[in-house]
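Quick caveat, the model's predicted, so the values are computed rather than measured.
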Amino acid sequence: MEATENPTLMNKVIRWRNEHVSDKQMTIVLAFFIGFFASVAAFILHWIIREIQILLTEGFTITSYNWLYLVFPVIGIYLTSLFVRYVVKDNISHGITRILYAISSKRSRLRGHNCWSSVIASAITIGFGGSVGAEAPIVLTGSAIGSNLGQLFKMDNRQLMLLVGCGASAAIAGIFKAPIAGLVFTLEVLMVDLSMASLLPILTSSVTATCFTYIFVGSDALFTFHLDSEWLIERVPATILLGLFCGFISLYFIRTMNACESVFAKLKDNRYGKLALGGIVLSLLIFFFPSLYGEGYQAINILLNGKTEADWNSIMNNSLFYGNSRLLLVYIALVLLTKVFATSATNGGGGCGGTFAPSLFIGAFSGFLFARLWNLHQVSVYIPEKNFALLGMAGVMAGVMHAPLTGIFLIAEITGGYQLFIPLIIVSVCAVITISIFEPHSIYAMRLAREGKLITHHTDHSVLTLMSLESVIEKDYIAINPDMPLGKLVHVISQSHTNFIPVVDDGGKLLGEIDITKIRHIIFRTELYQKFHVSQIMTPVTATLNVNDPVGDVMKTFEKTGSYYLPVTDVNEHLTGFISRTRIYSLYRKMVHDYSAE
């Protein structure tokens, strides 16, 4: 935006910034504010969730089932769907996937409503019992804050990508009070490259969000954990097996989630059908297994802090299983298997939430179940259930996200479990290796990977993904008709600024092109000007491009054909423009330089 004779205040601020503050300095400043706003958003979201849950469930008895579990989740999904449909009027599901899509396809530009819409929608969903997590909505919120602040101050595309990463890291750091986990989450999941230019802003936003979260909620951790039994080298075999188990559980989670999404996708245009299916499945599951209500962090804390059978049996409170201690493992296994269905039903029915918390939830239950079964069979080395519940959280989350460092540091930071650092590494690495055999991409990235739009740490691939074909299409050309005589063609060539002379019919459909190098022997012979027509001397185009073609495929086409110009057509083969080999390669070299620069 250029300044006018009466520049606005924002224009004056931007002009002053351009003159006195460098991009690197401005990025650090914005990272601080992103950290602050992300922590505020996280605090507001969890406060609303807590207040709604207290209001709805405070009078529930722990010794029996509660019929209202059949009602509240449906109400929550319905209210969320109304909010999204009539207020937001945009798709806000799959928060982290939407961030990856914005980075790869929209030059890191997220809409303004993403700064608040996910907070409200997920608060309603989770508060009423939706079996999803608040992390993905907050990550989307934090990234949107970073994107919109960057756009406000006219930051370039590379800086915008970095600010989106700052928002994501601040969100994770703010929710869990885990700044290092926020940093590695951005590096592993969002694929933002680590360099000195990116390290300082991301750390600034993460630490800022963590500090303000301490100010807002105090020093209490999201999960409490006290190590009762130190890790022993004799437990390495059990730790490796747990990692393999978590890898297969992660595979079950991803495959089942995708299958359930496919079912709801078939009801895309049937809003009430989706609500009915999602609401019924979710309500029934929560009625039988109240541990599935909301994020499930209370159940996780029971597994992490239980010392006696009575402590662990309390996880069956409010359910039909209450008082049946012999059914504890059955209950744990059923909750483990049904959590993914509850999460899918919540989002598929119209709710809003992420898979971050469900992966932690399933991980804790997986680790506890593994340890209890190991100990029941009287294997020589005893393994503490609470320790393995903690390790299971890291394993399943690392497997689902394909992010071993995030699993290691997040669990270590949020529980203070640094004494288990070595087993955390073993479990996370084994889980990721296991699932990578079957699924090469994380649950967030797999959709984009299928479309070839996933940003990776491979600079060449990332640059090709970030390049927009639309930005290099040239539309300054003169199209000619096949019936045009040679004399008029010579006049057109003299006026054309390019060597690309397309031949189209009356409807704009591309028929061929004129190669000037092939008609040199006749264009100067005036006696032939009325004897030859364009249809007689035009040649077929060597290849055509589509406006939706990936830039990588376009460059391969140039290499294969050896052409200097290639036409771009729409689905009806109507000419929309052309691409110059020189221009696209120049843009590519510039982006590689900018992408790699510190």
Side-chain angles (χ1 to χ4, degrees), residues 1-2 8-18 21 23-45 83-84 87-123 134-175 182 185-186 189-192 197-198 201-202 204-206 208-209 212 352 354 455 466 468:
M1 185 182 296
E2 296 181 358
T8 63
L9 176 61
M10 193 64 216
N11 284 338
K12 291 181 179 179
V13 171
I14 293 173
R15 187 168 60 184
W16 180 90
R17 197 280 293 181
N18 290 335
V21 183
D23 284 346
K24 289 184 179 180
Q25 293 169 335
M26 192 63 194
T27 303
I28 297 292
V29 173
L30 292 179
F32 172 83
F33 286 101
I34 291 168
F36 169 73
F37 288 125
S39 64
V40 171
F43 171 75
I44 292 174
L45 174 56
F83 172 75
V84 173
V87 179
V88 180
K89 300 178 181 179
D90 189 18
N91 185 2
I92 57 175
S93 62
H94 300 302
I96 295 175
T97 300
R98 302 195 75 78
I99 298 170
L100 290 169
Y101 178 76
I103 290 175
S104 63
S105 302
K106 295 188 176 181
R107 299 184 181 181
S108 302
R109 283 161 170 78
L110 290 162
R111 296 186 177 182
H113 73 74
N114 290 130
C115 296
W116 55 269
S117 56
S118 295
V119 172
I120 298 175
S122 59
E135 293 76 19
I138 283 296
V139 171
L140 177 58
T141 299
S143 295
I145 291 171
S147 175
N148 283 272
L149 277 178
Q151 294 177 61
L152 182 65
F153 285 94
K154 311 297 182 185
M155 307 298 282
D156 61 32
N157 292 335
R158 189 167 181 274
Q159 298 299 324
L160 270 184
M161 182 195 296
L162 180 54
L163 292 175
V164 166
C166 288
S169 62
I172 295 297
I175 292 172
F185 173 85
T186 300
V189 178
L190 299 188
M191 300 295 179
V192 175
S198 61
I202 293 175
T204 299
S205 61
S206 296
T208 301
F212 277 103
C352 178
I455 296 293
L466 289 170
S468 169

Any chance you could lay out the side-chain contact (heavy atoms from CB on, under 4.5 Å) test for Val164 and Met161, step after step, and finish with the verdict? CA-CA 5 Å; Val164 166; Met161 182 195 296; 5.7 Å; no
What do the steps show when you test Leu162 against Ile202 for side-chain contact (heavy atoms from CB on, under 4.5 Å), and what is the final call? CA-CA 8 Å; Leu162 180 54; Ile202 293 175; 4.0 Å; yes
Can you tell me how far the [atom1] atom of [X] sits from the [atom2] atom of [Y], to the nearest 0.5 Å?
X	Y	atom1	atom2	value
Phe212	Phe32	CZ	CZ	4.5 Å
Ser39	Ile44	OG	CD1	9.5 Å
Asp23	Lys154	CG	NZ	14.0 Å
Met26	Leu163	CE	CG	9.0 Å
Thr204	Leu30	OG1	CG	11.0 Å
Ile92	Phe83	CD1	CZ	6.5 Å

Could you tell me which non-hydrogen atom of [X] sits nearest to which non-hydrogen atom of [Y], and how far apart they are?
X	Y	value
Ala38	Ala171	CB-N, 4.1 Å
Ile28	Pro201	CD1-N, 3.7 Å
Pro137	Gly354	CD-N, 4.0 Å
Val84	Ala121	CG2-CB, 4.4 Å

Suppose we screen for salt bridge (charged side-chain N to carboxylate O under 4.0 Å, His left out). Which residues come up paired with Asp90, at least two apart in sequence or across chains? Arg111
Under the 3.5 angstrom rule, does the side chain of [X] hit a backbone N or O of [Y] as a donor-acceptor pair?
X	Y	result
Ser205	Cys166	yes
Ser147	Ser143	no
Thr186	Gly165	yes

Atom CZ of Phe33: over 12 foreign heavy atoms under 6.0 Å: no
My understanding is that only one of Ser122, Cys115, Ser117, Ser118 makes a side chain to side chain contact (heavy atoms under 4.5 Å, CB included) with Leu140; could you say which? Ser118
